[in-house]
Structure formats: C-alpha cells, structure tokens
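Since we're looking at a predicted model, the values are computed, not measured. Throughout, residue positions are numbered sequentially from 1 according to the sequence presented. The analysis underlying the following values was restricted to heavy atoms, covering all of them including side chains, and did not include hydrogens, waters or symmetry mates.
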Amino acid sequence: MTQQVRECSVARTLELVGTKWTLLAVRELMLGCHRFDEIRRNTGAPRDILTDRLRKLEDNGFVERVRYEDHPPRYEYRLTDLGRALMPVIATLREFGDRHLAGPDGPPLEIVHSCGQEFHPALACRACGDVARADDLTIIGTTPPSARAGA
C-alpha cells in the first residue's frame with residue numbers, strides 16, 4: 001500500500017525555515033541583531049549549525065549578507081522582503097508561547113504597537129476583517145491532488 005502524502009504549503013515552508021535555530025536566527029534579525037556573534041549569543045546556537053542555517057536562509061532569499069568592515073572582511077545579516085514576511089509567523093509563535101508556556105515570571109519580552117498598546121497578533125480574514133477562529137474556517141481540497149486525478 002502506497003502512502004499518499006498531502007501536498008502542502010506548510011510543508012514547503014518548513015523545508016526552508018522549519019528548524020529551531022533557523023527561526024531563532026530570524027527572530028534575532030527581527031529584533032535588530034545583525035552580526036553573527038550577537039545572533040549566536042542570543043540564540044545559544046552552536047557556531048556550525050548557525051552558520052549552516054544562515055547560509056540556507058541566504059541561499060533561499062530570506063537574508064542577505066552585507067559587508068560592514070573591509071579589513072578583515074566582516075559581514076552582517078539583513079532580512080530581505082521575503083525574510084520580513086516571516087514576521088507574522090514569529091509574532092504568532094511568540095504569542096502562543098507567552099500565553100501557554102511562559103514561566104512564573106510571565107513573558108520575557110513585551111512588544112508595543114505604534115498605537116501605544118501591547119501588541120498581540122490576531123489572524124483576521126483579509127476580505128471582511130473579522131478575527132478568524134478555527135470553527136469559522138472550512139477546508140476545501142483535503143484530498144491529495146494525486147488521489148483526485150486518479151479517481
């Protein structure tokens with residue numbers, strides 16, 4: 001019996017950014033840390049793994065290396081538009097962790113929106129603006145395309 005794997009944008013995205021050290025590196029870049037040693041210190045990532053993750057992010061267009069010193073050549077990492085598009089993912093992961101996994105001292109970080117209030121992300125429907133809840137959503141196309149074609 002052959003297993004039909006569902007094609008999925010989530011799986012394709014996780015192929016590129018779905019590891020702990022990758023997402024933590026993106027978090028640091030979003031928080032304004034751009035140099036390798038700074039990112040390594042704030043994430044705790046082993047040097048070789050962080051090097052690999054940053055290279056993969058660069059190869060896939062999420063970050064670019066920018067030279068900040070000529071002698072010796074030194075680079076920092078900057079998010080591209082594609083990398084900045086991960087902000088809602090990072091914000092939602094942070095919100096989940098703050099709400100469900102924060103320790104007794106509470107969340108370690110507060111983010112304030114430009115309106116002056118603490119920022120809490122919410123997924124909303126782009127068409128009507130309503131905040132989306134799981135029971136409001138209908139999933140269409142749950143059968144893998146290969147199974148539909150052969151039916």
Same cluster for [X] and [Y] if Ile/Leu/Val/Met/Phe/Trp/Tyr side chains link at under 4.5 Å?
X     : Y     : result
Trp21 : Leu54 : no
Leu31 : Ile39 : no
Leu16 : Val89 : yes
Tyr75 : Leu57 : no
Val26 : Leu93 : yes

Minimum-distance pair of heavy atoms, taken over all atoms of [X] and [Y]:
X      : Y      : result
Phe119 : Ala91  : CE2-CB, 4.1 Å
Pro121 : Glu95  : CD-OE1, 3.5 Å
Pro107 : Ala102 : N-CB, 3.8 Å
Leu79  : Arg84  : O-NH1, 2.6 Å

Between [atom1] on residue [X] and [atom2] on residue [Y], distance to nearest 0.5 Å:
X      : Y      : atom1 : atom2 : result
Leu50  : Thr43  : CG    : OG1   : 5.5 Å
Met87  : Thr92  : CE    : OG1   : 8.5 Å
Ile90  : Leu23  : CD1   : CG    : 4.5 Å
Leu137 : Cys125 : CG    : SG    : 9.0 Å
Asn42  : Leu24  : CG    : CG    : 10.0 Å
Thr80  : Glu64  : OG1   : CD    : 7.0 Å

Taking atom CD as the centre, does Gln117 end up with more than 12 heavy-atom neighbours from other residues, nucleotides or ligands that are less than 6.0 angstrom away? no

Within a reach of under 6.0 Å around CG of Leu123, are more than 12 heavy atoms found that belong to other residues, nucleotides or ligands? no

Distance-only, no hydrogens or angles: does the [X] side chain make a donor-acceptor pair with backbone N or O of [Y] under 3.5 Å?
X      : Y      : result
His113 : Glu118 : no
Arg78  : Val66  : no
Thr22  : Arg53  : no
Glu38  : His34  : yes

Flag the pair Phe62 / Leu29 as yes when at least one side-chain heavy-atom distance between them is below 4.5 Å, and no otherwise. no

Is any side-chain heavy atom of Tyr77 closer than 4.5 Å to a side-chain heavy atom of Arg65? yes

Given Lys56 and Asp59, is the salt bridge (charged side-chain N to carboxylate O under 4.0 Å, His left out) satisfied, shown in steps? CA-CA 5 Å; Lys56 188 174 180 183; Asp59 290 347; over 6 Å; no

After noting the C-alpha distance and the side-chain angles of Arg94 and Asp98, does the key distance pass the salt bridge (charged side-chain N to carboxylate O under 4.0 Å, His left out) rule? CA-CA 6 Å; Arg94 183 191 61 81; Asp98 286 355; 2.7 Å; yes

For salt bridge (charged side-chain N to carboxylate O under 4.0 Å, His left out), just list the numbers for Arg47 and Asp52, CA-CA rounded to whole Å, side-chain angles, deciding distance to a tenth of an Å, and then say yes or no. CA-CA 9 Å; Arg47 181 175 287 281; Asp52 178 67; over 6 Å; no

Cationic tip of Arg74 within the cone over Tyr68's six-membered ring, i.e. under 6.0 Å and within 45° of the normal? no

Verdict with supporting geometry, Arg67 and Glu76, salt bridge (charged side-chain N to carboxylate O under 4.0 Å, His left out): CA-CA 6 Å; Arg67 184 181 276 192; Glu76 61 185 16; over 6 Å; no

